[in-house]
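Everything below concerns the one structure shown next.
A quick note: this is a predicted structure, and the numbers were derived from the prediction, not measured. Computation of the quantities below employed the complete heavy-atom set of this structure, encompassing side-chain atoms and omitting hydrogens, waters and symmetry-equivalent molecules.
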Amino acid sequence: MNTPLIKTENLTKIYGRGAAEIRALDGVDFEIESGEFVAIIGASGSGKSTLMNMLGGLDRPDLGRMFIAGQDLGQMSNKALAKFRNETIGFVFQQFQLLPKKSARANVMLPLQYRRPRREDEKALAEQSLARVGMSDRIAHKPTELSGGQQQRVAIARALVDAPELLLADEPTGALDSKTSTDVMALLKKLNAQGITIVLITHDADIAAYATRIITMRDGKITADERTEKAP
């Protein structure tokens, strides 16, 4: 039996103490297999963003364990966790987080520059990643010269350039109009069909419907976990 790409056991994150205690995550258990496209949906305060931070190795649980690609993230040193994040996980954010004075190619190259030793073919890898998201004709453009949808495509290319096993997308259409959102989600569906594991955080049921599995959260707990092959 294959080991799941992601596995959590009683994952718990607590803020505050005593009467002020808030369990942002309260005993979360689930598994995600390699190649899945999973949407995690919930209202503000449901715990979905805290869970995303955990999956990305950006925060540590107070209780429970979390495994990604067979590694127990809670047992890793900060240095080892940073290296693991860079090599295993790609991040896509709502606000793109591109450097405004850098070209699309330079922005996509950024994750590669943290590798030691450095890759000699960084420019070629960045250009290949941009081609993958349909941005070959914009490699020299700066973010201010691109539309919102184009900026998000550059951000997705940046997340993919290091060939991660897992792509985490946190409200990737939150800053986009409906037409551009449809285009970005179609791109994510295409990438998933190519074998990339995607975990998407959203509050929008229409966006979640692009995934083949939807996990619903409320008050730090999973309240539903459903599989669907439907897509808009």
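Val199 and Leu160 end up in different hydrophobic clusters when Ile, Leu, Val, Met, Phe, Trp and Tyr side chains are linked at under 4.5 Å. There is no path of hydrophobic side-chain contacts, each under 4.5 Å, that joins Leu200 to Leu168. A single hydrophobic cluster is seen to contain both Leu187 and Met135, as judged by linkage of ILVMFWY side chains at heavy-atom distances under 4.5 Å, directly or through other members. In terms of hydrophobic clustering, with Ile, Leu, Val, Met, Phe, Trp and Tyr side chains grouped at heavy-atom distances under 4.5 Å, Ile89 and Phe96 are assigned to different clusters. Residue Met66 is not grouped with residue Leu167 when hydrophobic side chains (ILVMFWY) are merged at heavy-atom distances under 4.5 angstrom, including chains of intermediate members.
Judged by distance alone, the side chain of Thr88 and the main-chain N or O of Arg85 form no donor-acceptor pair under 3.5 Å. When atom types are taken as modelled, the side chain of Lys189 and the backbone of Tyr210 share a donor-acceptor pair closer than 3.5 angstrom. For the pair Asn107 (side chain) and Leu99 (backbone), a donor-acceptor distance under 3.5 Å is present. The closest donor-acceptor contact from the side chain of Lys48 to the backbone of Ile41 lies at 3.5 Å or more, if one exists at all. Judged purely by atom type and a 3.5 angstrom limit, Glu36 uses its side chain to pair as donor or acceptor with the backbone of Glu33. In terms of modelled atom types and a separation under 3.5 Å, the side chain of Thr197 and the main chain of Gly35 share a donor-acceptor contact.
Scanning both residues, Val92 and Pro172, for their nearest heavy atoms gives CG1-CB, 4.1 Å. Nearest heavy-atom pair across Glu9 and Asp29 is CA-OD1, 3.1 Å. Smallest separation of non-hydrogen atoms from Arg138 and Gln150: NE-NE2, 3.5 Å. When all heavy atoms are compared, the tightest approach of Leu25 to Gly47 is CD2-O, 3.5 Å. Val38 and Ala211 make their closest contact through C-CB, 4.0 Å (heavy atoms, listed as atom of the first residue, atom of the second, distance). When all heavy atoms are compared, the tightest approach of Leu11 to Pro61 is CD1-CB, 3.6 Å.
Taking CG of Asp170 as the start and OG1 of Thr202 as the end, the distance is 9.5 Å to the nearest 0.5 Å. Distance check, rounded to the nearest 0.5 Å: OG1 of Thr50 to CE of Met54 gives 7.0 Å.
Within 6.0 Å of the CZ atom in Arg60, the count of heavy atoms belonging to other residues, nucleotides or ligands exceeds 12.
In this model, a donor atom of one side chain and an acceptor atom of the other lie less than 3.5 Å apart for Arg132 and Gln194. A side-chain donor from one of Thr180 and Asp177 sits under 3.5 Å from a side-chain acceptor of the other.
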